[in-house]
Amino acid sequence: MENLITLVNNIQRACTALGDHGEESALPTLWDSLPAIAVVGGQSSGKSSVLESVVGKDFLPRGAGIVTRRPLVLQLHRIDDGKEYAEFMHLPKKRFTDFAAVRQEISDETDRETGRSKQISSVPIHLSIFSPNVVNLTLIDLPGLTKVAIEGQSETIVQDIESMVRSFIEKPNCIILAISPANQDLATSDAIKIAREVDPKGDRTFGVLTKIDLMDKGTNAVDILEGKSYKLQFPWVGVVNRSQADINKSVDMIAARRREREYFQSSPEYSHLAHRMGSEHLGKMLSKHLETVIKSRIPGLQSLINKTIIELEGELTKLGKPIAADAGGKLYTTMEICRAFDQNFKEHLDGVRAGGEKIYGVFDNQLPAALKRLQFDKHLSIENVRKLITEADGYQPHLIAPEQGYRRLIESCLVTIRGPAEAAVDGVHAILKGIVQKAIAETTELKQYPTLRVEVGNAAFESLERMREESKRATLQLVDMECGYLTVEFFRKLPQDVEKGGNPTHSLFDRYNDSYLRRVGSTVLQYVNMTCASLRNSIPKSIVYCQVREAKRSLLDFFFTELGKKEVSIYHGPNRMAQLSPHCFKMQQYMKLYPIIVFANTIFAVETVE
Ligand SMILES: Nc1nc2c(ncn2[C@@H]2O[C@H](COP(=O)(O)OP(=O)(O)OP(=O)(O)O)[C@@H](O)[C@H]2O)c(=O)[nH]1
């Protein structure tokens, strides 16, 4: 049965090596499905001491105040013989045989993440201990729960620690080792409080009472240890760890364990409970419980792996065929993929796929509606006509016809067409961008290469932006041209009109009267409407010429010229595995773990039969 725990330990190691620490992910993580034991309790309640006693080694940083500032994932591996050693996940090639150096490395690695401050971090440190004297277990040491922030700590530290602890122990596969010091009232135990919140039935909570030797004279912990004060599903375990004085005197763990054993055996209050007290017993009990839990989890683990394998295989099928390793092959594939995208893009514009018709919508609805909203007639009110004509005359009133006034009035109307013209350019630009996005999503080949997809998208958007600028320049030029040179024929008719409608016998100054101004206004309106109708036709031509036709012709031209330089980064490295999303990459590795699980299941079947 020990094999099973070793297997689960190995799978956990593989998970962490592959970056699965049970964090948020699209698929369920394997780590979260594997059982582990988390040690929780108030600050200085004795969590690290319990861990050390279970391991039988002196290796954790000690001191006053907040010492454990990052979660420590501790995997114990029982080896048959040989010298015990430790390994950190972040130092894979280094074997530690000196456990004082392990303590120093935990402390240094904590500082590397949090600085030398009293801050905490939820990024775990992974440590494995290989020893003939340990039972196979995965234990997680967590920062101690606290009630107030001390000098140098952030105001949120109390809540931050609680959230971090909770994130570990609320997972249904987490076994909670709730540490409470015996020299404090159990009713105030932080460990029991939080454990009860996440595991109300107590199905996965183990109560550990530390500091029994420090209880006031005349009091004892018998009621708690017998489950009379606070009943848990599993029996309470009392421990006597090394005191600070023992640590300072470097009392070794073997001696400490012996002393602990003697303490329980020789105390009249506890001797009847001695067989189920102490850290040695705790270690064995946890290991046994872990075995039972793993047994019950194996079918679930298997189905999880089967499910993720099916999902992964589906994802791989979608990803398509692998890419050539040499530069020429890569370039060829890139060109092919880009061509496929370009083809999709064009099909939208040409009506094979939907989307291009929206451009006509801009010309047929948006532009005419915007032109209509300009309301030239309001702009040509008698007051405005009078104002502009008088201003244009200056100190010398016009003699025959208000030539300058006409020009100003016409120009002031036509210039407002720039707004709708610009809006039409922008409207078509937005539609083209939308079509690019659609075409990218529809190009299956691009799904395989996220970086290439981003690059192609960026290149297409940059081209569209350049085309928009050019289109704006050309389209506004059309409006400016109409302002810059008026159609002479239209005005040549004017004197006759004036003669017909006006009264030439009136004095010059009478010509500023309302009916004269109204006539001027209506002539201008006629001219402006004529020009506006012509622009309504020519603006779409300019936009199609500069943006739509150009996008069809040369959307990725610039990208192709730059491709030689970009080629390396687009692929994220030479092999296909690396092109997959990190998640997909991780799951592929899990597939390799599958035989281990099957093997574990075989052992499980054999054990059950036996
Ligand atoms: N006498 C005695 N002292 C103990 C016992 N358990 C822990 N201590 C002492 O209590 C102090 C705190 O113990 P730790 O194991 O560091 O407590 P912790 O909960 O890990 O502390 P933080 O990680 O800082 O939250 C140390 O000085 C230990 O020596 C015990 O059973 N008896």
Side-chain angles (χ1 to χ4, degrees), residues 349-350 355-380 384-385 388 392 402-436 460-494 520-555 557-558:
L349 293 177
D350 293 338
E357 74 285 352
K358 288 187 190 155
I359 294 177
Y360 180 65
V362 172
F363 302 150
D364 197 38
N365 300 317
Q366 182 193 316
L367 178 64
L371 291 174
K372 210 167 175 187
R373 277 197 298 274
L374 293 177
Q375 296 184 329
F376 299 123
D377 48 345
K378 286 203 180 136
H379 186 73
L380 295 169
N384 219 20
V385 172
L388 282 182
E403 171 102 6
Q404 281 310 318
Y406 270 117
R407 284 186 190 280
R408 287 219 188 159
L409 282 165
I410 290 170
E411 210 178 300
S412 68
C413 288
L414 289 184
V415 85
T416 60
I417 298 178
R418 287 176 71 104
E422 245 181 298
V425 169
D426 291 338
V428 170
H429 177 74
I431 293 168
L432 289 172
K433 269 179 89 172
I435 293 178
V436 163
F461 287 162
E462 275 168 29
S463 291
L464 289 182
E465 196 54 54
R466 274 194 299 276
M467 291 164 196
R468 177 192 8 205
E469 288 313 310
E470 176 52 27
S471 177
K472 214 167 254 187
R473 201 188 56 75
T475 310
L476 293 181
Q477 218 166 42
L478 285 180
V479 181
D480 295 346
M481 280 188 226
E482 292 293 350
C483 298
Y485 187 74
L486 308 183
T487 309
V488 189
E489 281 68 35
F490 181 89
F491 292 95
R492 285 213 172 120
K493 293 181 201 156
L494 275 184
V520 171
S522 99
T523 311
V524 169
L525 183 63
Q526 236 179 307
Y527 184 85
V528 168
N529 280 340
M530 179 188 81
T531 314
C532 190
S534 139
L535 281 172
R536 198 189 134 165
N537 291 327
S538 56
I539 287 172
K541 290 178 190 177
S542 158
I543 291 178
V544 167
Y545 184 83
C546 299
Q547 287 172 271
V548 183
R549 192 193 72 123
E550 204 51 29
K552 269 175 75 178
R553 221 169 53 91
S554 65
L555 188 65
D557 276 9
F558 188 68

- Can E550 and R553 be counted as an ion pair, charged N to O under 4.0 angstrom? yes

- Task: Please round to the nearest 0.5 Å and tell me the distance separating atom OG of S554 and atom CZ of R549.
- Result: 8.5 Å

- Message: Just to verify, what does S534 make a side-chain contact (heavy atoms from CB on, under 4.5 Å) with, not counting sequence neighbours?
- Response: E482

- Query: Judged by atom type as modelled, is there a donor-acceptor pair below 3.5 Å linking the side chain of S471 to the main-chain atoms of M467?
  - Reply: no

- Message: Is there a side-chain contact between V544 and F363 in this structure, where contact means two heavy atoms from C-beta onward sitting under 4.5 Å apart?
- Response: yes

- Message: Please report the interatomic distance CG(D426) to CD(Q547), rounded to the nearest 0.5 Å.
- Response: 8.0 Å

- Query: Can you check whether L409's main-chain N or O pairs, donor with acceptor, with S412's side chain at less than 3.5 Å?
  - Reply: yes

- Query: So do the side chains of I431 and I435 get within less than 4.5 Å of each other, counting heavy atoms only?
  - Reply: yes

- Check the surroundings of atom CZ in R536: do more than 12 heavy atoms from other residues, nucleotides or ligands lie under 6.0 Å from it? no

- Query: Measuring from I410:CD1 to F376:CZ, what's the distance to the nearest 0.5 Å?
  - Reply: 11.5 Å

- So the salt bridge (Lys or Arg N to Asp or Glu O under 4.0 Å) pairs with at least one residue in residues 364-378 (sequence neighbours excluded) are none

- Task: Begin from the C-alpha positions of M530 and T487 and carry the test side chain to side chain contact (heavy atoms under 4.5 Å, CB included) through to its verdict.
- Result: CA-CA 10 Å; M530 179 188 81; T487 309; 4.2 Å; yes

- Could you grab the distance from atom CG of L349 to atom CD1 of I359, nearest 0.5 Å is fine? 5.5 Å

Can you give me every donor-acceptor pair (side chain of residues 413-423, partner residue at least two apart or in another chain, under 3.5 Å) with its distance?
residue: T416; atom: OG1; partner: C413; partner atom: O; Å: 2.5
residue: R418; atom: NH1; partner: D480; partner atom: OD1; Å: 2.7
residue: R418; atom: NH1; partner: D480; partner atom: OD2; Å: 3.0

- Message: Measuring only between side-chain heavy atoms, which start at C-beta, is Y360 closer than 4.5 Å to P540?
- Response: no

- d(Q375 CD, L380 CG) to nearest 0.5 Å is 12.0 Å

- Is the shortest side-chain N to carboxylate O distance from R468 to E465 below 4.0 Å? yes

- Go through Y545 and V548 one step at a time and tell me if the side chain to side chain contact (heavy atoms under 4.5 Å, CB included) criterion holds. CA-CA 6 Å; Y545 184 83; V548 183; over 6 Å; no

- Query: Can you find a pair of side-chain heavy atoms, one from L432 and one from L555, that are under 4.5 Å apart?
  - Reply: no

- Query: Stepwise, does the side chain to side chain contact (heavy atoms under 4.5 Å, CB included) test hold for K552 with D350?
  - Reply: CA-CA 9 Å; K552 269 175 75 178; D350 293 338; 2.8 Å; yes

- Query: What distance separates L374 CG from H379 NE2, expressed to the nearest 0.5 Å?
  - Reply: 10.0 Å

- Query: Charged N to carboxylate O under 4.0 angstrom, R473 versus E470?
  - Reply: yes

- Candidate pair V385 and V524, rule side chain to side chain contact (heavy atoms under 4.5 Å, CB included), full reasoning: CA-CA 10 Å; V385 172; V524 169; over 6 Å; no

- Specify the closest pair of heavy atoms between F490 and Y527, including all atoms of both residues, with the distance to one decimal. CD2-CD1, 3.4 Å

